[in-house]
Amino acid sequence: GSDRWASAMPASVLQGAAAVLASLLILLLFRWYCSSSITGKGRLPPGSRGLPVLGETLQFFAGSPSLQLHPFFKRRLERYGPIFRTNLIGVDLIVSLDAELNNVVFQQDERLFENWWPESVMRIFGAESIIPSMGSFHKHAKNLILRIFGPENLRLVLLQDVQRTAQASLLSWLDLPSVELKEATSSMIFSVTAKRLISYDSSSSDGKLWKQFDAFIRGLLAFPLYIPGTAFYQCMQGRKEVMKILRKLFDERKKAPSRREKVDFIDLLIDTIKEDKLAMSDNFALNLIFLLLFAGFETTSSGITAAIKFLTDNPKALQELTDEHENIRKRRASPDAEITWEEYKSMNFTSCVIHESLRLANIAPLLFKKSKEDVHIKAYTIPKGSKVMVCPSIVHLNPTIYEDPNVFNPWRWKVESC
């Protein structure tokens with residue numbers, strides 16, 4: 001009898017364990033799929049959490065060949081309306097494609113909402129960066145940035161820098177059988193921003209810094225799976241290599257004698273740290289430089305690439321743009337003279353092309369916020385502590401605001417600026 005009991009015991013234990021696991025799984029699935037749309041203080045927006053753990057992440061990261069509203073948003077807009085719930089990478093989110101809610105988020109920023117970013121984004125840009133910084137800390141960092149990229153420097157230095165760099169890049173393209181436009185414009189703009197931020201001369205270097213940034217960008221919008229061979233892994237490796245280069249440069253500059261004339265952004269940061277004007281660690285400074293290098297060229301190059309594509313498909317707009325610039329050159333004493341601030345300000349149709357390109361390109365498509373208290377809007381309640389993903393670009397494609405919103409029409413801006 002005792003032998004039979006001993007032999008039967010493992011089976012009963014396994015059966016019991018299986019029953020417990022099955023019960024837990026059922027409970028977890030029930031909780032995942034049957035979360036109430038009614039809170040104690042109001043009704044949540046409609047939506048779906050998708051698959052357990054994954055949520056709707058795979059659909060969100062699916063590529064889209066079009067510059068129109070991403071299919072992920074389009075399908076849910078049609079099904080749920082402009083405010084809905086989803087789950088991405090295990091995080092419950094309330095998504096706003098609604099102009100009224102977007103305005104509330106932006107106008108009541110710091111009172112009703114605060115900055116928040118997904119963990120995967122913070123891993124990419126560094127936990128110590130300007131992204132999560134708030135209040136006077138953020139304002140001080142912004143003032144430092146404006147000393148390099150503000151209107152005065154734009155007028156006196158940057159305008160000519162960009163012209164010289166663009167001319168050199170265009171000449172270098174002449175000997176190439178083909179040009180990958182996005183990559184080429186990214187490299188061009190990177191050389192301008194890197195010079196002003198860290199005195200990095202791309203033309204006399206081996207391009208190592210740019211190559212690592214390029215590897216970083218290629219995996220930026222990939223599924224955040226940190227396994228060798230994945231795009232996200234390559235992205236993080238690219239960031240690691242860039243940070244090594246920046247740290248070496250930063251350490252060398254800190255040891256060097258202070259320069260009377262502040263040449264670049266690193267000079268300003270080091271002075272801030274040495275004079276203890278702000279509690280800023282070296283890691284924060286490096287992450288800030290990394291973020292500015294990225295933001296300084298990636299969004300700009302995306303806008304330029306989109307503008308060239310739109311102009312290629314619209315010969316009439318291209319001709320009017322060409323005529324405007326040819327007329328400016330004809331008025332000069334020397335046609336090949338450097339651009340002046342007055343000439344730049346006179347480029348009315350150029351301004352229209354830029355406005356329309358940025359409207360359609362949506363180079364900054366998403367922002368993330370966190371509610372600081374319950375927010376009631378359009379019969380819905382956004383509970384305190386909710387993570388909100390704002391899609392401001394939806395306004396750019398709203399047919400009630402823009403006639404034929406998916407059509408490139410720079411003349412629509414003529415009433416305002418041309």
Side-chain angles (χ1 to χ4, degrees), residues 63-78 81-82 95-103 105-106 154 159 162-163 166 169-170 179-186 188-189 221 295 297-331 339 341-367 390-418:
S64 173
S66 171
L67 286 172
Q68 297 181 19
L69 186 65
H70 193 286
F72 176 87
F73 296 116
K74 187 175 182 180
R75 285 193 291 267
R76 285 153 184 79
L77 177 63
E78 293 169 352
V95 180
S96 173
L97 307 179
D98 183 78
E100 183 181 341
L101 177 53
N102 289 358
N103 285 334
V105 171
F106 295 134
L154 174 62
L159 197 60
V162 171
Q163 182 187 27
S169 296
L170 290 171
V179 175
E180 210 296 314
L181 187 59
K182 176 59 168 64
E183 182 178 330
T185 54
S186 293
M188 177 181 70
I189 299 300
L221 295 179
F297 79 89
E298 176 57 20
T299 53
T300 305
S301 62
S302 295
I304 292 172
T305 304
I308 294 173
K309 169 67 170 64
F310 297 142
L311 289 168
T312 302
D313 295 339
N314 194 318
K316 182 183 176 183
L318 178 59
Q319 187 59 53
E320 186 165 340
L321 184 69
T322 303
D323 291 344
E324 181 172 81
H325 286 257
E326 286 298 329
N327 289 333
I328 289 173
R329 294 183 77 241
K330 287 175 184 177
R331 291 194 294 267
I339 187 174
W341 182 251
E342 289 71 27
E343 289 173 343
Y344 167 74
K345 296 294 286 183
S346 73
M347 295 176 182
N348 293 324
F349 189 67
T350 303
S351 177
C352 293
V353 170
I354 293 170
H355 276 73
E356 184 70 349
S357 298
L358 293 179
R359 182 187 71 83
L360 282 172
N362 295 323
I363 58 177
L366 297 173
L367 292 171
V390 179
C391 183
S393 60
I394 189 67
V395 177
H396 302 160
L397 303 175
N398 189 333
T400 63
I401 300 175
Y402 300 103
E403 184 180 353
D404 297 325
N406 293 313
V407 175
F408 176 73
N409 176 17
W411 295 276
R412 74 170 82 240
W413 298 93
K414 274 200 167 186
V415 176
E416 296 182 21
S417 59
C418 293

Return the minimal non-hydrogen interatomic distance between [X] and [Y], and the atom names on each side.
| X | Y | value |
| --- | --- | --- |
| Ala317 | Phe349 | O-CE2, 3.4 Å |
| Leu358 | Gly303 | CD2-CA, 4.4 Å |
| Tyr402 | Val395 | CE1-O, 3.6 Å |
| Cys391 | Leu97 | CB-CD2, 3.4 Å |
| Pro392 | Asn102 | CA-ND2, 3.8 Å |
| Met188 | Ala166 | SD-CA, 3.6 Å |

Residues two or more places apart in sequence or in another chain: which of them pass salt bridge (charged side-chain N to carboxylate O under 4.0 Å, His left out) with [X]?
| X | answer |
| --- | --- |
| Glu342 | none |
| Asp404 | none |
| Arg75 | none |
| Glu324 | none |

Measure the [atom1]-[atom2] distance between [X] and [Y] for me, rounded to the nearest 0.5 Å.
| X | Y | atom1 | atom2 | result |
| --- | --- | --- | --- | --- |
| Leu311 | Lys316 | CG | NZ | 13.5 Å |
| Ile339 | Leu159 | CD1 | CG | 4.5 Å |
| Leu77 | Ile394 | CG | CD1 | 5.5 Å |
| Leu366 | Ser393 | CG | OG | 7.0 Å |
| Ile304 | Thr185 | CD1 | OG1 | 6.0 Å |
| Glu320 | Asn314 | CD | CG | 10.0 Å |

*Using the side-chain contact (heavy atoms from CB on, under 4.5 Å) rule, take Val353 and Met347 through it: C-alpha gap first, then chi angles, then the decisive distance, then the call.*
CA-CA 10 Å; Val353 170; Met347 295 176 182; over 6 Å; no

_Between Arg359 and Pro410 (side chain of the first, backbone of the second, donor and acceptor by atom type, cut-off under 3.5 Å), is there such a pair?_
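No, because the side chain of Arg359 does not come within donor-acceptor range (under 3.5 Å) of the backbone of Pro410.
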
*Is the backbone of Asp323 close enough, under 3.5 Å, to the side chain of Asn327 for a donor and an acceptor to pair up by distance?*
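The answer is yes, because a donor-acceptor pair under 3.5 Å joins these two groups.
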
Note, [X] side chain near [Y] side chain (heavy atom, < 4.5 Å):
| X | Y | result |
| --- | --- | --- |
| Leu360 | Leu397 | yes |
| Arg76 | Val95 | no |
| His396 | Pro405 | no |
| Leu318 | Thr312 | no |
| Leu154 | Trp341 | yes |
| Val105 | Ser96 | no |

Quick one about [Y] and [X] (side-chain donor to acceptor, distance below 3.5 Å, no hydrogens or angles considered), yes or no?
| X | Y | answer |
| --- | --- | --- |
| Glu356 | Trp411 | no |
| Asn398 | Thr400 | yes |
| Ser301 | Ser186 | yes |

*Should the pair His70 and Phe73 be assigned to parallel (<30°), tilted (30 to 60°) or perpendicular (>60°) ring geometry?*
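Because their plane-to-plane angle is over 60°, the rings of His70 and Phe73 count as perpendicular.
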
*Mind telling me whether Trp413 and His355 have parallel, tilted or perpendicular rings, with 30° and 60° as the class edges?*
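Ring orientation of His355 relative to Trp413: tilted.
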
*Does the pair Lys182/Glu298 count as a salt bridge with the N-to-O cut at 4.0 Å?*
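Salt bridge flag = yes for Glu298 with Lys182.
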
*Run the side-chain contact (heavy atoms from CB on, under 4.5 Å) check on Val390 and Phe106 step by step: do they pass?*
CA-CA 10 Å; Val390 179; Phe106 295 134; 4.0 Å; yes

*What pairs with Glu180 under side chain to side chain donor-acceptor pair (under 3.5 Å), at least two apart in sequence or on another chain?*
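With sequence neighbours excluded, Glu180 shows a side chain to side chain donor-acceptor pair (under 3.5 Å) to no residue whatsoever.
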
*Any residue meeting side chain to side chain donor-acceptor pair (under 3.5 Å) with Asp313, in chain and number order, not counting sequence neighbours*: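 Asp313 satisfies side chain to side chain donor-acceptor pair (under 3.5 Å) with Lys309 only.
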
*asked:* Is it true that, when you exclude Glu403 itself, more than 12 heavy atoms of the residues, nucleotides or ligands shown sit nearer than 6.0 Å to its CD?
replied: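 No, the 6.0 Å shell around CD holds no more than 12 heavy atoms from other groups.
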
